[in-house]
Amino acid sequence: MINLLMSSNESEWENSPSFFPKGRCLSEYILPEYKDRYASLDSQSIEFLKSIPCIFAYEKYCEKDARIGKILDISVRQNDVKIDYELTDERIDYETFSGMSQLLDFGTWEMTRTHWTIKNVTFDEVKPYFSTKRQFPKVFISYSWTPIRNQETVFELVSKLRNDEIIVIYDKDDLHPGQNINYFMEQALANEDIDNIIVVSNKDYADKANNRQGGVGYEAGIIISEIKSAPLQRRVIPVVVEFDRNGNPYLPTNFQELRYVDLTREDGYAELLSAIKGGRKNESAI
């Protein structure tokens, strides 16, 4: 058996956890015996649901690939069900998934309805449809939390990148309570699966990086080591969002000689997007 979770939210399966309405959980497009056995979401049912693999899919209009993974935890709340999950690198491309209606026993309107169901199919039966090729670039955002307006700037940037099918990793979504901040940074920056490190530099970022202050200082230190060892690297992209009164960009000292993207310009975002997608194409060609 396999869990199938279908969502209308185009960014649903980008960051755990997910929140599903109770009325859409194991209550429709499901065999009656599975509904009777697991819809209560009691402790025994939860343990079973965590033990079987998952297809995390999107409704038809989203035209996005389905992801493969597993459920880590399930919490039944007053109005919804909180689902903590983990994805693999495997996926089922949209066209392929749309053609699996017979194998997955899709109901007539099932791909147009947000819901969670169980399919009577084995993992081995669906595995031949998987692809491990990641189609979209993945980036990590390094930035300063101060001032507050800078967080808003970064949030807007993250939203735009995700709308352009860039996978974005940053602390507000991916660092959870109880996790080690420095370890999170180290793992993200060392992860070869990260195509680009986007350094969003304002005055506070530059000052903290230069003085090795706080999380920014620690993070910048790791990034500086990378750019020093490879002067023609394309992985680290400085993005300037603030200038001094003389029109000079606020950048850490060790970034001064790097070409940067001016996000305050009208064409700044387009230049950043081109650098992300273009750099990945060039790396793939090597």
Side-chain angles (χ1 to χ4, degrees), residues 10-11 14-15 136-175 181 184-185 188-189 191 193-228 230-283:
E10 294 186 359
S11 60
E14 292 178 1
N15 296 286
F136 309 118
K138 181 184 288 188
V139 303
F140 174 77
I141 306 288
S142 177
Y143 71 105
S144 171
W145 283 11
T146 57
I148 292 296
R149 67 175 180 275
N150 195 57
Q151 294 188 39
E152 297 169 353
T153 297
V154 171
F155 179 77
E156 291 173 4
L157 174 61
V158 169
S159 297
K160 291 175 73 173
L161 288 170
R162 286 176 173 165
N163 285 338
D164 283 312
E165 298 186 319
I166 307 297
I167 302 169
V168 180
I169 306 298
Y170 89 125
D171 57 2
K172 290 294 186 183
D173 285 339
D174 300 288
L175 178 63
I181 297 173
F184 167 77
M185 296 175 186
L189 296 174
N191 187 350
D193 198 38
I194 301 290
D195 296 298
N196 291 107
I197 300 165
I198 311 300
V199 177
V200 181
S201 189
N202 64 339
K203 182 179 186 303
D204 286 6
Y205 189 97
D207 289 343
K208 291 174 182 177
N210 289 335
N211 297 315
R212 296 295 192 270
Q213 178 184 350
V216 166
Y218 185 82
E219 203 167 88
I222 300 174
I223 296 171
I224 289 167
S225 296
E226 180 165 334
I227 62 178
K228 279 186 174 181
L232 295 181
Q233 62 82 39
R234 300 183 65 173
R235 188 170 183 242
V236 178
I237 304 176
V239 172
V240 175
V241 295
E242 189 178 3
F243 293 77
D244 66 21
R245 64 182 63 186
N246 297 317
N248 299 312
Y250 280 115
L251 281 166
T253 301
N254 288 282
F255 285 65
Q256 295 290 337
E257 296 182 357
L258 301 183
R259 180 178 173 182
Y260 63 86
V261 174
D262 180 359
L263 210 60
T264 68
R265 291 178 46 171
E266 186 174 344
D267 61 349
Y269 176 74
E271 182 182 355
L272 173 61
L273 194 61
S274 177
I276 294 170
K277 294 186 174 181
R280 190 162 186 259
K281 288 179 182 176
N282 290 336
E283 288 175 4

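Residue numbers run from 1 in the order of the sequence given. Computed from a prediction, not measured in an experiment: that's the story for all the values here.
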Problem - Basic-acidic side-chain contact under 4.0 Å: R212, E219 - result: no

Exercise for the section: For N196 and V139, indicate whether the former's side chain and the latter's backbone hold a donor-acceptor pair under 3.5 Å. Expected result: no

Problem - Exercise: do D204 and W145 side chains pair donor with acceptor under 3.5 Å - result: no

Exercise for the section: Answer yes or no: is there a donor N or O on one side and an acceptor on the other, between the side chain of D195 and the main chain of K138, under 3.5 Å? Expected result: yes

Practice task
Any chance you could measure F140, atom CZ, to D171, atom CG, to the nearest 0.5 Å?
Solution key: 7.0 Å

Exercise for the section: Using only heavy-atom distances, determine whether the side chains of S201 and Y260 contain a donor-acceptor pair under 3.5 Å. Expected result: no

Completion exercise
Output for pair (N15 CG, Y170 OH), nearest 0.5 Å, gives 8.5 Å

Problem - Side chain to side chain, V239 and Y143, heavy atoms closer than 4.5 Å - result: no

Practice task
Please confirm whether the backbone N or O of N246 pairs with a side-chain atom of D244, one donor and one acceptor, at under 3.5 Å?
Solution key: yes

Exercise for the section: Give a yes or no answer on whether the side chain of S159 reaches the backbone of F155 with a donor-acceptor pair at less than 3.5 Å. Expected result: yes

Problem - Polar contact flag, side-chain donor to acceptor under 3.5 angstrom, S144-K203 - result: no

Problem - N150 and Y205 side chains, donor-acceptor separation under 3.5 Å - result: no

Practice task
May I ask you to test the V158-I166 pair for a side-chain heavy-atom distance under 4.5 Å?
Solution key: no

Exercise for the section: Using a 4.5 Å cut-off on heavy atoms from C-beta on, say whether the side chain of T146 contacts that of K208. Expected result: yes

Exercise for the section: Would you give the length of the straight line joining atom CD1 of I227 to atom CG of L258, rounded to the nearest 0.5 angstrom? Expected result: 4.5 Å

Problem - Pair R162 + D173: basic N to acidic O under 4.0 Å - result: yes

Exercise for the section: Might you point out which heavy atoms bring P238 and L251 nearest each other, and give the distance in Å? Expected result: CB-CD2, 4.1 Å

